[in-house]
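Report on one structure; see the data block that follows.
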Amino acid sequence: MSDLAPMPLGRDTALLVIDMQRDFLDPRGYAAHAGLNTSLLRAAIPGAQRLLHAARRRGLLVIHTREGHRADLSDCPTAKLQRTARAGAPIGTPGPLGRLLVRGEHGHGIVDELAPRADEPVVDKPGYSAFHQTDLQQILAAQGIHELVLCGVTTEVCVHSTLRAATDLGYRCRLAGDACASAFPALHQAALDMVTVEGGIFGSVHTSAELAEAIDTLPQESP
């Protein structure tokens, strides 16, 4: 993993916790219906918890995201519906946690281990990138954020889509490798490897422990 020393974190940093939802992490949710191994996805929880506790201790902005769609599926492209049907988990179909990837259903909610506090924004997104058709950019700009620490699932899809969009928007990005997860270990590793090529084209990769330690060295938020 990378060395934090050359570029210490500042208070213009936010923690972005991506899609840690029951639909992806619970064995009764969307991911399981699509044939994914949720135990591999749940491996991201301890690292994400470590980062979440550190960010809260130092008063950093924490933002959670949730992928999902309106109840009438009017914001879900036909191509996406077709893809999920081919995977065996059509969006909107009933499941043990409610309709798959539909906002307001139990499966759409974030797992208890990482439940947002009342003062932590939750961004609902219809696509893979957390910036696509959301107000995430407005929230970050209003809070003076220039750097992001990212974690969540899945590494190669929603995490990477968000990371790439953030890079294009000019944010400095750090990815917590062990606080991300994929049902496909080879794709997880490849997604991490892509971040650091060409001098860190998409940012840098660290362990959650390294990033939590860096957060803990920040001064306490002013009252």
Side-chain angles (χ1 to χ4, degrees), residues 1-10 12-21 24-25 31 36-58 60-67 110-111 113-114 123 125 128-131 136 140 145-218:
M1 295 296 178
S2 301
D3 182 5
L4 289 173
M7 232 168 137
L9 293 170
D12 61 346
T13 302
L15 173 63
L16 192 55
V17 184
I18 299 172
D19 297 1
M20 298 295 277
Q21 301 162 244
F24 297 120
L25 302 177
L36 303 183
N37 185 338
T38 56
S39 66
L40 292 175
L41 297 175
R42 291 183 64 84
I45 292 177
Q49 285 180 310
R50 184 177 295 114
L51 292 171
L52 189 58
H53 295 329
R56 287 170 174 170
R57 281 194 298 269
R58 283 297 181 264
L60 290 187
L61 175 65
V62 175
I63 300 175
H64 305 259
T65 74
R66 300 182 297 200
E67 182 185 348
I110 293 168
V111 294
E113 296 95 324
L114 298 164
V123 173
K125 61 189 186 70
Y128 304 127
S129 167
F131 291 95
L136 176 58
L140 296 173
I145 299 301
H146 298 101
E147 182 157 8
L148 298 175
V149 172
L150 299 96
C151 64
V153 296
T154 61
T155 319
E156 75 278 15
V157 183
C158 291
V159 174
H160 234 270
S161 295
T162 301
L163 174 70
R164 288 167 178 253
T167 301
D168 280 342
L169 289 167
Y171 291 98
R172 301 186 303 273
C173 295
R174 305 203 195 200
L175 189 60
D178 64 315
C180 299
S182 169
F184 306 98
L187 295 183
H188 169 77
Q189 188 58 52
L192 298 183
D193 291 342
M194 280 186 255
V195 176
T196 57
V197 296
E198 297 181 45
I201 193 167
F202 296 122
S204 56
V205 179
H206 310 267
T207 67
S208 59
E210 288 173 328
L211 287 166
E213 182 179 356
I215 292 169
D216 277 331
T217 65
L218 292 172

field: Residues Leu15, Ile215; criterion side-chain contact (heavy atoms from CB on, under 4.5 Å); working and verdict
entry: CA-CA 10 Å; Leu15 173 63; Ile215 292 169; 5.9 Å; no

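- Side-chain contact, Arg57 with His53: no donor N or O sits under 3.5 Å from an acceptor N or O.
- A distance of 6.0 Å separates CD in Glu67 from OH in Tyr128, rounded to the nearest 0.5 Å.
- Here the closest heavy-atom approach between residue Leu192 and residue Val205 is recorded as O-CG2, 3.7 Å.
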Check against side-chain contact (heavy atoms from CB on, under 4.5 Å), Met194 and Arg164: CA-CA 11 Å; Met194 280 186 255; Arg164 288 167 178 253; 3.5 Å; yes

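- Considering CG of Leu211 and CG of Asp216, their distance stands at 11.0 Å, rounded to 0.5 Å.
- In this structure, the side chain of Glu147 does not engage the main chain of Leu9 through any donor-acceptor pair within 3.5 Å.
- Here the CG atom belonging to Leu169 is positioned 9.0 Å from the CG atom belonging to Leu140, to the nearest 0.5 angstrom.
- Under the 3.5 Å distance criterion, the side-chain polar atoms of His64 are left unmatched by any main-chain donor or acceptor of Ile110.
- The closest side-chain heavy-atom distance from Phe184 to Leu36 is below 4.5 Å.
- How far SG of Cys180 is from CD of Glu156: 10.5 Å, rounded to the nearest 0.5 Å.
- Taking every heavy atom of both residues into account, Ala44 and Gly152 meet most closely at CB-O, 4.5 Å.
- Taking SG of Cys151 as the reference point, atom CZ of Arg50 lies at 11.5 Å (rounded to 0.5 Å).
- Taking both residues in full, the closest heavy atoms of Val159 and Val153 are given as CG2-N, 3.7 Å, listed atom of the first, atom of the second, then distance.
- Pairing each heavy atom of Ala130 with each of Lys125, the nearest pair is CA-CD, 3.5 Å.
- Closest heavy-atom contact between Thr154 and Ser182: CB-CA, 4.5 Å.
- Panel note: side chain Thr162, backbone Ser129; no donor-acceptor pair is recorded below 3.5 Å.
- Rounding to the nearest 0.5 Å places NE2 of His188 at 9.5 Å from CG of Asp193.
- Residue Ala183 comes nearest to Leu40 through the heavy atom pair O-CD1, 3.5 Å, listed as atom of the first residue, atom of the second, then distance.
- Looking only at distances, no side-chain donor or acceptor of Thr65 sits under 3.5 Å from a matching main-chain atom of Val123.
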side-chain contact (heavy atoms from CB on, under 4.5 Å) assessment of Phe24 paired with Ile18: CA-CA 11 Å; Phe24 297 120; Ile18 299 172; over 6 Å; no

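- In summary, the side chains of Asp178 and Ser208 do present a donor paired with an acceptor at a separation below 3.5 Å, with no hydrogens or angles considered.
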query: Taking it one step at a time, do Leu150 and Leu175 satisfy side-chain contact (heavy atoms from CB on, under 4.5 Å)?
result: CA-CA 5 Å; Leu150 299 96; Leu175 189 60; 3.9 Å; yes

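- Counting heavy atoms from C-beta on, the side chains of Thr155 and Gln189 never come closer than 4.5 Å.
- Residue Leu16 forms a side-chain contact (heavy atoms from CB on, under 4.5 Å) with just one option from Val62, Leu51, Leu136, and that option is Leu136.
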